[in-house]
Asker: 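Dumping the structure here so I can ask a few things about it.
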2 protein chains.
Amino acid sequence: MALFLSTFVNKVDRKGRVSVPATFRAALAAQRFPGIVAFPSFKFPALDCCGIERMEEINRRLERLDQFSEEYENLTPLFHDAQALPFDGEGRILLPPKFIQHTAIAIEGQAAFVGQGGMFQIWEPERFARHQASLRERALRQGPKLPAAPAPEGGR
Amino acid sequence: MALFLSTFVNKVDRKGRVSVPATFRAALAAQRFPGIVAFPSFKFPALDCCGIERMEEINRRLERLDQFSEEYENLTPLFHDAQALPFDGEGRILLPPKFIQHTAIAIEGQAAFVGQGGMFQIWEPERFARHQASLRERALRQGPKLPAAPAPEGGR
DNA sequence: CGGAGGTTTCCCATGCTATCCCATAATTTC
DNA sequence: GAAATTATGGGATAGCATGGGAAACCTCCG
């Protein structure tokens, strides 16, 4: 299973290239497409990213919704704006102008790669810091709850 | 299942490396990733640590929540700050600067590995001593209670 | 059709740091 | 008491993030 952990801040060079952290690349190494798939977050100035296989999984989940329902339609933009970003020889990706704009990441600035478990996000570092603070605050207020272990074989 | 017992204090060398106690390594030996996963404790200047399998288990549970829900988001900070720390050939890990800072562990100082059962913590030894004292004091005041064993046949 | 301008992809060079490897001392086991 | 395991130290090496330039590519216009 691909598991993305920790936060890495890397530089964006003049051409709009960024190194994907080596540990993230390693988590994706087994997949057919050597690169990542990214799409603008609905709610935040960030990119949601994963490997191609996860994208296929998301598609399978989407297929379980009624084809002409509003929920279905609400989710399809995800595919409209998604882009496959291949690694270059050094493990970098090129951030397309649209993504630069959506995230407010600057050319010759920095990009934060944020592990989320099965996926990761890309943020402009200062915006992420603010986002993280507000997330913490909300999580404390609401009390994070992890669903019980899936019953079948359950540990213990 | 991995079970971590007792407390060990080891040196942190000039490069920020510490030996993980051999018994803890043995408890993790069966897992795919040879190393530990650590993240800053919410409440204390300490690191919470476990093996990769436990992290994957947490991720599996997380995946049962809707991808873009608030409950989901509330739990992701766990992954933002977690780091996989692989063992070197001698069973040491490298403490990243962030963790050094959070725990106030000093380069060329010491680190305490504290067994907690299914997980363990890493503390700066003096801080842990104070923490332990206040824990004891509270436990005495409140009287510790261990949940009863599940009924023999116990469903779930 | 051909070529100029701009862009993208590939390749090589560099400094830095983490990782590997070996050595030694202390401790435990047999 | 000898051998194995563990904790610790330090030097050598490989991998990573980063920068720049050359080659391939496309597009638009002459």
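Sequence lines set the chain letters: A, B, ... in the order given, protein chains first and strands last, and positions in each chain run from 1.
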Asker: When the axes are fitted on five pairs at both termini, how much does the helix from C/dC1-D/dG30 to C/dC30-D/dG1 curve, in 10° steps?
Answerer: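 So the angle between the two local helix axes works out to 50°.
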Asker: Considering only D/dA17, D/dG20, C/dT19, which nucleotide approaches the side chain of B/Leu94 most closely?
Answerer: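 Comparing D/dA17, D/dG20, C/dT19 against the side chain of B/Leu94, the answer is C/dT19.
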Asker: I want to check something: taking the side chain as every heavy atom from C-beta on, are B/Leu75 and B/Leu65 in contact at a cut-off of under 4.5 Å?
Answerer: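 Yes, at least one pair of side-chain atoms sits under 4.5 Å.
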Asker: Ignoring hydrogens and angles, tell me if any N or O in the side chain of B/Gln31 forms a donor-acceptor pair with the backbone of B/Glu53 under 3.5 Å.
Answerer: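 It does hold such a pair.
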Asker: Can you find an N or O donor on one side and an acceptor on the other, under 3.5 Å apart, linking the side chain of A/Lys11 with the base of D/dG19?
Answerer: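 It does not, because no donor-acceptor pair links the side chain of A/Lys11 to the base of D/dG19 below 3.5 Å.
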Asker: Hey, can you tell me if A/Phe39 and B/Phe68 have their rings parallel, tilted or perpendicular (30° and 60° cut-offs)?
Answerer: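 A/Phe39 vs B/Phe68 ring planes: perpendicular.
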Asker: B/Phe4 and B/Phe24: aromatic ring centres closer than 6.0 Å?
Answerer: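 Centroid distance B/Phe4-B/Phe24: below 6.0 Å, so yes.
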Asker: For D/dG20, does either OP1 or OP2 sit under 4.0 Å from a side-chain N or O belonging to A/Arg14?
Answerer: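 Looking at the OP1 and OP2 atoms of D/dG20, one of them is under 4.0 Å from a side-chain N or O of A/Arg14.
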Asker: Partners of A/Arg64 by salt bridge (Lys or Arg N to Asp or Glu O under 4.0 Å), sequence neighbours excluded?
Answerer: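 Scan of A/Arg64 (salt bridge (Lys or Arg N to Asp or Glu O under 4.0 Å), adjacent residues dropped) gives none.
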Asker: Counting only heavy atoms not in A/Asp66, do more than 12 fall under 6.0 Å of its CG?
Answerer: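 Count over threshold, so yes.
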Asker: Suppose we screen for ring-ring contact (aromatic ring centres under 6.0 Å, His included). Which residues come up paired with A/Tyr72, at least two apart in sequence or across chains?
Answerer: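 For A/Tyr72, no residue satisfies ring-ring contact (aromatic ring centres under 6.0 Å, His included) once neighbours in sequence are set aside.
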Asker: Looking at A/Arg61, I want to see if its CZ is surrounded by more than 12 non-hydrogen atoms of other residues, nucleotides or ligands under 6.0 Å.
Answerer: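 Enclosed: over 12 neighbouring heavy atoms sit under 6.0 Å from CZ of A/Arg61.
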Asker: If you count every heavy atom of other residues, nucleotides or ligands that lies below 6.0 Å from A/Arg14 atom CZ, does the total exceed 12?
Answerer: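 12 or below, so no.
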Asker: Could you give all pairs that pass the ring-ring contact (aromatic ring centres under 6.0 Å, His included) test and reach residues 122-148 of chain B, with sequence neighbours left out?
Answerer: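 Applying ring-ring contact (aromatic ring centres under 6.0 Å, His included) to every pair that reaches into residues 122-148 of chain B, excluding sequence neighbours, yields B/Phe44-B/Trp123, B/Phe44-B/His131, B/Trp123-B/Phe128, B/Trp123-B/His131.
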Asker: Figure out the NZ/P separation between B/Lys15 and D/dA12, and round it to whole Å.
Answerer: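 So the two atoms are 11 Å apart, to the nearest Å.
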Asker: Check every strand shown and say whether B/Val20 touches a base, only sugar-phosphate, or nothing at a heavy-atom separation below 4.0 Å.
Answerer: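 It contacts sugar-phosphate atoms only.
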Asker: Could you write out each protein N or O paired with an N or O of nucleotides 26-28 of chain D at a distance under 3.5 Å?
Answerer:
none

Asker: Between B/Gln83 and A/Ser6, does any side-chain donor sit less than 3.5 Å from a side-chain acceptor?
Answerer: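 There is such a pair (donor and acceptor under 3.5 Å, judged by atom type) between the side chains of B/Gln83 and A/Ser6.
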Asker: Separation of B/Asp13 atom CG from C/dA18 atom C1', in whole Å?
Answerer: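 For the pair B/Asp13 CG and C/dA18 C1', the rounded distance is 12 Å.
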Asker: Contact between A/Arg136 and A/Gln132 at the side-chain level, heavy atoms closer than 4.5 Å - yes or no?
Answerer: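 Touching, per the 4.5 Å side-chain cut-off.
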Asker: Measure from CG on A/Leu85 to P on C/dT9 and round the result to the nearest Å.
Answerer: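 Atom-to-atom, A/Leu85 to C/dT9, this comes out as 10 Å.
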Asker: Taking atom P of D/dA22 as reference, at what distance in whole Å does atom CG of A/Asp88 sit?
Answerer: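 From A/Asp88 CG to D/dA22 P: 18 Å.
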Asker: Could you tell me the separation between the CZ atom of B/Arg17 and the C1' atom of C/dT19, rounded to a whole number of Å?
Answerer: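 Rounded to whole Å, this separation is 9 Å.
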Asker: Please list each protein N or O that sits under 3.5 Å from an N or O in nucleotides 22-25 of chain C, with the distance.
Answerer:
residue: C/dC22; atom: N4; partner: B/Glu90; partner atom: OE2; Å: 3.0

Asker: Once you round it to whole Å, what is the distance between C1' of C/dT28 and CZ of B/Phe8?
Answerer: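 Taking atom C1' of C/dT28 as the reference, CZ of B/Phe8 is at 13 Å.
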Asker: Provide, to the nearest angstrom, the distance between the CZ atom belonging to A/Phe87 and the C1' atom belonging to C/dC10.
Answerer: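 The answer, rounded to whole Å, is 17 Å.
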Asker: Nearest-Å distance, NZ (B/Lys98) to P (C/dA18)?
Answerer: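 Between P of C/dA18 and NZ of B/Lys98: 14 Å.
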Asker: Quick check on D/dA7: is either OP1 or OP2 less than 4.0 Å from any side-chain nitrogen or oxygen of B/Arg25?
Answerer: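 Checking B/Arg25 against D/dA7: at least one side-chain N or O falls below 4.0 Å of OP1 or OP2.
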